[in-house]
There are 2 protein chains.
Amino acid sequence: MKELSGKQADILEFLRKFLEEKDYPPSIRDIQEGCGISSTSVVDYNLRKLEEKGHIRRDREISRGIELLGARGRRPRILEIPVLGSIAAGQPIPVPSSERWSNDSEETVAVTEDMVRGRENVFALRVKGTSMIEDLIDDGDIVFLEPARSASNGDRVAVWLKDRGEVTLKRFYHEGDRIRLQPANSTMEPIYTAPGNVEIQGRFISSFRPS
Amino acid sequence: MKELSGKQADILEFLRKFLEEKDYPPSIRDIQEGCGISSTSVVDYNLRKLEEKGHIRRDREISRGIELLGARGRRPRILEIPVLGSIAAGQPIPVPSSERWSNDSEETVAVTEDMVRGRENVFALRVKGTSMIEDLIDDGDIVFLEPARSASNGDRVAVWLKDRGEVTLKRFYHEGDRIRLQPANSTMEPIYTAPGNVEIQGRFISSFRPS
DNA sequence: AGTTCGTGCGAACATCCGTTCGGTGGGTGG
DNA sequence: CCACCCACCGAACGGATGTTCGCACGAACT
């Protein structure tokens, strides 16, 4: 990539600022004024240069048809993950699967899609307590889950215990005619229950520990 | 917030799609064609309604002066955190502080600013090994650090050990005339060294465990 | 029936805006 | 010196675009 002139760097910087502020690209004359350039043709000239050098993309004949390329311009896919509540504190959580959580005045966490790797309908829960401490999931962590109705042995899942009316995060084991829900905390006992009593809500994907 | 008519929902949906694709807002006539509306004035009319209802913001007299409000439109502050390398595997890492990491062909991780809470110049490292396992930092985790030259007792810091020429993530303790670098792994021994031999690179902020 | 209001239509207008073109000046190489 | 290229300038052209205005149609209400 060639070196760019002072004027071109100015324009690029102006583009970033403008986009940051207004959320739509500047017109050529906006750039002209913003960078103190005397003619629109000069802007056009340098814009072409910038396009040749791969910093921007232009849609000809279209007003404000400038797209900023590169890390700062290309907006990464952002997903707003709803934080549906807390888990392992004994509180029931609403079921996310088929629900439309459209008018969510609830809390959300924005993450980039690398964190959920293309999975669908991911939701998040705030972890209360240390029942999964040995799986390196601490109190206060945020766990990301994908909706699931079934699990394999050893999966970390959020399950609803019908008789208790609560949801908890545990490792899941199917043992003969019963289910073992194993906390990852040696001071805590596993929960044994009948398959009919558990309803799997989601499967663990990843976790984040805020500062 | 009032209910919006079918046409208004169409327009809103078209706005999202268009922005997603082109990275600049559509013109009124783009919307007209895209939504199969017969007149530009109808688009204008519904756009005004959408503005009243708080879904968009318009800059009058400006082409494509439409800003999408709300979760999907308002782009959260995204930070591209450079992943400078791995840590605790004994590899030296470049110092991030005053360097300009502008032409970073290196790997980056995009995160929302909640994850670093307004800190400056945050960088990230990929954790190799389990030396901090008891601090719930596992092999493969990504840790976020802020540049720092000093630390308080108990801080988790990335330090450069001059004599070994390597960087490691440990808990930091200043004990009299020596420094103790304590792994959070009972099978591993602390490192004792002279204050002059350690150079603190960064302080632990938060961590993320990919799936 | 008459009125009002929300919504839609089509056309015209004024401006915004990308593009083009002729021209200038400085630097470089023949 | 001349030719050539790069960067720049000013003006004008024409298409793109936001805005406005008169009108129409149906639903709700008096």
* **Upstream residue (5' side of DNA chain C) when A:Asp30 and B:Lys49 are each assigned their closest nucleotide** => B:Lys49
* Gap separating the CZ atom of B:Phe172 from the OG atom of B:Ser150, nearest 0.5 angstrom -> 8.0 Å
Between protein and nucleotides 10-14 of chain C, what N or O pairs are separated by less than 3.5 Å?
residue, atom, partner, partner atom, Å
C:dG10, N7, B:Ser39, OG, 2.6
C:dG10, O6, B:Ser41, OG, 2.7

* In chain order, what residues pass the salt bridge (Lys or Arg N to Asp or Glu O under 4.0 Å) check against B:Asp155, with sequence neighbours excluded? -> B:Arg203
* A:Phe14: ring pair (Phe, Tyr, Trp, His ring centres under 6.0 Å) partners, not counting sequence neighbours -> A:Phe18
* Structure fact -> Residues at least two apart in sequence or cross-chain that pass side-chain hydrogen bond (donor to acceptor under 3.5 Å, both in side chains) with B:Arg156, listed by chain then number, are none
* Partner residues of B:Asn197 under the side-chain hydrogen bond (donor to acceptor under 3.5 Å, both in side chains) criterion, sequence neighbours left out -> B:Asp163, B:Thr193
* Structure fact -> Here the residues of residues 59-66 of chain B within 4.0 Å heavy-atom distance, strictly under, of DNA chain C are B:Glu61, B:Ser63
* Keeping to residues at least two apart or across chains, list the salt bridge (charged side-chain N to carboxylate O under 4.0 Å, His left out) pairs with something in residues 30-43 of chain A. => A:Asp30-A:Arg64
* To do: Please round to 10 degrees the angle between the axis of the first five pairs and the axis of the last five pairs in the helix from C:dA1-D:dT30 to C:dG30-D:dC1.
  => 10°
* Take atom NZ in B:Lys162; do more than 12 heavy atoms of anything else shown fall under 6.0 Å from it? -> yes
Between the protein and nucleotides 23-27 of chain C, which nitrogen or oxygen pairs are less than 3.5 angstrom apart?
none

* **Set of residues satisfying salt bridge (Lys or Arg N to Asp or Glu O under 4.0 Å) with respect to B:Asp139, sequence neighbours excluded** => none
* Set of residues satisfying side-chain hydrogen bond (donor to acceptor under 3.5 Å, both in side chains) with respect to A:Arg180, sequence neighbours excluded -> A:Glu175, A:Gln182
* **Counterpart residues, side-chain hydrogen bond (donor to acceptor under 3.5 Å, both in side chains), relative to A:Asp141 (two or more places apart)** => A:Arg209
